[in-house]
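Below is one structure; the comments refer to it alone.
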Amino acid sequence: MKTLYVSDLDGTLITSRECISDYSIKILNDLLDKGIHFTYATARSIQTAKNATKGLHTDFPVIVYNGALIVNPKSNQIYYSATFEQSLKDYIVFILTTLDIYPLAYSLQEGKEKLSWLKGKETPSMMRYFSRRVNDERLCPVQETNDLAKGDVLYFNCMGDPNKMFAAYRIFSRDSRLNCFIHQETYQTDYWLEIFCKKATKEVAVKKLKEIYGFEKVVCFGDSINDIPMFNIADEKYAVKNADDALKKLSTDTIGFCEEDGVAKWLAEHYTV
């Protein structure tokens with residue numbers, strides 16, 4: 001049976017060092033040489049996903065921006081994108097700024113990734129975020145609020161005070177045109193609110209890959225609530241031991257921790273040509 005194997009990245013395939021371990025890289029590359037159809041589905045951008053998976057020898061399309069984009073990591077060919085209509089972008093920016101929230105806007109502009117924000121409105125969370133992305137070519141500070149809706153926006157990411165984040169979440173989570181997730185920043189008191197259009201999910205993107213390549217079966221791996229849509233449509237789904245309890249309840253089984261190469265070890269044991 002032609003099977004597609006799909007893994008989340010953060011907390012699943014990559015470690016707290018934001019990379020795939022040398023051990024997992026060796027196993028995965030050996031399996032790729034044998035013909036495994038393996039890819040990843042992540043909320044990361046194209047560039048940060050490439051950085052995290054450095055050493056992985058694959059040119060199979062990958063799912064980034066939580067399903068908003070399917071792209072070839074080598075050629076950058078786009079197979080699928082789910083972006084906001086202009087009126088919806090304008091509405092989101094209006095609601096957020098009314099609540100004194102100034103988001104990061106991830107977009108495609110003239111074929112290039114851009115990460116835009118309103119200069120002078122950075123929160124401590126945003127500054128921490130930027131500190132890990134020094135010299136990132138995507139960084140694009142803007143002077144006008146309207147510029148946050150420029151280009152083909154893939155998603156908005158809001159970082160800051162939990163009261164503001166939950167106020168926005170209560171509005172957007174009831175909007176049938178949107179998907180949104182809210183979670184606490186690791187080791188911090190601030191929260192992140194991520195806003196996507198309705199068709200930007202790992203579920204939709206995995207279905208697209210299954211359809212394009214004629215896969216008969218999907219096996220996936222994850223750790224977080226944003227993996228639930230992907231788990232709902234997979235034939236087999238495996239949660240790492242460090243996964244959210246809600247995801248574990250949906251899983252076929254629980255495998256090893258991400259820090260202990262759980263995904264790679266499972267694949268090495270179960271994959272057959």
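Scope of the values below: all heavy atoms of this structure, side chains included, with no hydrogens, waters or symmetry mates.
- Judged as a side-chain contact (heavy atoms from CB on, under 4.5 Å), and not counting sequence neighbours, the contacts of Glu216 are Met1, Lys2.
- Linking ILVMFWY side-chain heavy atoms closer than 4.5 Å, directly or via other members, places Phe181 and Leu99 in two distinct hydrophobic clusters.
- Side-chain contact annotation: Ser125 with Asp190, donor-acceptor N/O pair under 3.5 Å present.
- Shown here for Val153 and Lys150, the closest heavy-atom pair between the two residues is CG2-O, 3.7 Å.
- Between the side chains of Tyr65 and Glu194, not a single donor N or O lies within less than 3.5 Å of an accepting N or O.
- The environment of CD in Gln86 is crowded: more than 12 heavy-atom neighbours from other residues, nucleotides or ligands sit within 6.0 Å.
- The environment of CG in Asp33 is crowded: more than 12 heavy-atom neighbours from other residues, nucleotides or ligands sit within 6.0 Å.
- Using a 4.5 Å heavy-atom threshold, the side chains of Leu32 and Leu56 count as touching.
- Counting only distance, with no hydrogens or angles, the side chain of Thr252 and the backbone of Glu236 share no donor-acceptor pair below 3.5 Å.
- For residues 107-137, every residue pair satisfying the ring-ring contact (aromatic ring centres under 6.0 Å, His included) rule, not counting sequence neighbours, is listed here: Trp117-Phe130, Tyr129-Trp192.
- Of the possible donor and acceptor atoms, none in the side chain of Gln77 sits under 3.5 Å from a partner among the backbone N and O of Ser75.
- Here CD1 of Ile95 is found 12.0 Å from CG of Asp90. Values are rounded to the nearest 0.5 Å.
- Within a 6.0 Å sphere centred on NZ of Lys248, heavy atoms belonging to other residues, nucleotides or ligands number more than 12.
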Side-chain atoms of residues 5-16: list all donor-acceptor pairs with protein atoms under 3.5 Å, sequence neighbours left out, distances to 0.1 Å.
residue	atom	partner	partner atom	Å
Asp8	OD1	Lys202	NZ	3.0
Asp8	OD2	Thr12	OG1	2.9
Asp10	OD1	Arg44	NE	2.7
Asp10	OD2	Arg44	NE	3.4
Asp10	OD2	Arg44	NH2	3.0
Thr12	OG1	Asp223	N	3.3
Thr12	OG1	Asp223	OD1	3.1
Thr15	OG1	Arg17	N	3.2
Thr15	OG1	Cys19	O	3.4
Ser16	OG	Glu259	OE2	3.3

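- Under a 3.5 Å cut-off, the side chain of Lys164 and the backbone N or O of Ile101 do not form any donor-acceptor pair.
- Asp152 and Ser107 form no side-chain donor-acceptor contact under 3.5 Å, judged by distance and modelled atom types alone.
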* To do: Go through Trp266 and Phe221 one step at a time and tell me if the ring pair (Phe, Tyr, Trp, His ring centres under 6.0 Å) criterion holds.
  => CA-CA 10 Å; Trp266 188 95; Phe221 307 89; 5.4 Å; yes
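- Neither Met126 nor Val134 shares a network with the other; the hydrophobic side chains, linked directly or stepwise wherever heavy atoms of I, L, V, M, F, W or Y lie under 4.5 Å apart, form separate groups for each.
- Between the side chains of Gln47 and Lys50, no donor-acceptor pair of N or O atoms lies under 3.5 Å.
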* **Verdict with supporting geometry, Lys26 and Asp30, salt bridge (Lys or Arg N to Asp or Glu O under 4.0 Å)** => CA-CA 6 Å; Lys26 184 181 186 308; Asp30 286 345; 3.1 Å; yes
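- Side-chain contact, Asp261 with Ser21: a donor N or O sits under 3.5 Å from an acceptor N or O.
- A heavy-atom distance below 4.5 Å is found between the side chains of Ile195 and Leu193.
- Contact record, Val219 with Tyr238: CG1-CE1, 3.8 Å, taken as the closest heavy-atom pair.
- Between the side chain of Gln143 and the main chain of Lys119, no donor-acceptor pair closer than 3.5 Å is present.
- Residues Ile228 and Tyr169 do not share a hydrophobic cluster, clusters being chains of Ile/Leu/Val/Met/Phe/Trp/Tyr side chains in contact below 4.5 Å.
- More than 12 non-hydrogen atoms from other residues, nucleotides or ligands lie less than 6.0 angstrom from NZ of Lys198.
- Looking only at distances, a side-chain donor or acceptor of Ser45 sits under 3.5 Å from a matching main-chain atom of Thr48.
- Nearest approach of Phe94 to Thr98, heavy atoms of both residues: O-OG1, 2.7 Å.
- The residues Lys237 and Asp253 are annotated as not salt-bridged, no charged nitrogen and carboxylate oxygen being separated by less than 4.0 angstrom.
- Taking the six-membered ring where the residue is Trp, the centroids of Phe60 and Tyr213 are separated by under 6.0 Å.
- Cluster membership for Leu148 and Leu115, using ILVMFWY side-chain heavy atoms within less than 4.5 angstrom, is not shared.
- At a threshold of 4.5 Å between non-hydrogen side-chain atoms, the residues Phe166 and Ile182 count as touching.
- Under a hydrophobic-cluster definition in which Ile, Leu, Val, Met, Phe, Trp and Tyr are linked whenever side-chain heavy atoms come within less than 4.5 Å, directly or via other members, Met159 and Phe172 are assigned to different clusters.
- Using modelled atom types, one side-chain atom of Thr201 and one backbone atom of Val204 make a donor-acceptor pair closer than 3.5 Å.
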* Asked: Should Phe84 and Phe156 be marked as a ring pair (Phe, Tyr, Trp, His ring centres under 6.0 Å) after you check the CA-CA gap, both sets of side-chain angles, and the distance that decides it?
  -> CA-CA 10 Å; Phe84 297 94; Phe156 294 98; 5.4 Å; yes
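- Taking the salt bridge (Lys or Arg N to Asp or Glu O under 4.0 Å) definition, one finds that Glu137 meets it with nothing, sequence neighbours left out.
- Taking the side chain as every heavy atom from C-beta outward, Thr39 and His37 never approach each other to under 4.5 Å.
- Residues Leu108 and Lys114 are not in side-chain contact: their nearest non-hydrogen atoms beyond the backbone lie 4.5 Å or more apart.
- Between the side chain of Glu85 and the main chain of Lys89, no donor-acceptor pair closer than 3.5 Å is present.
- The backbone N or O of Ile20 sits nowhere less than 3.5 Å from a side-chain atom of Ser24 that would complete a donor-acceptor pair.
- For the side-chain contact (heavy atoms from CB on, under 4.5 Å) test, residues two or more places apart in sequence or in another chain that qualify with Ile233 are Glu203, Val206, Lys207.
- Residues Phe38 and Leu31 fail the side-chain proximity criterion, which asks for heavy atoms closer than 4.5 Å.
- Annotation: cation-pi geometry not satisfied between Arg138 and Tyr106 (NZ/CZ under 6.0 angstrom from ring centroid, within 45° of ring axis).
- Annotation: side chain of Ile78 is not in contact with side chain of Ile70 (no heavy-atom distance under 4.5 Å).
- The shortest heavy-atom contact between Gly67 and Ile63 is CA-CG2, 3.6 Å.
- Considering all non-hydrogen atoms of both residues, Asn179 and Ala200 come closest at ND2-O, 3.9 Å.
- Taking both residues in full, the closest heavy atoms of Ala43 and Tyr155 are given as O-OH, 4.1 Å, listed atom of the first, atom of the second, then distance.
- Not a single donor-acceptor pair under 3.5 Å links the side chain of Asn76 to the backbone N or O of Val71.
- We find that Glu260 and Lys265 are not joined by a salt bridge, their nearest charged nitrogen and carboxylate oxygen being 4.0 Å or further apart.
- Residue pairs meeting the ring-ring contact (aromatic ring centres under 6.0 Å, His included) criterion with at least one partner in residues 242-261, sequence neighbours excluded, are absent.
- Side-chain contact between Val218 and Thr3 is absent, with no heavy-atom pair separated by less than 4.5 Å.
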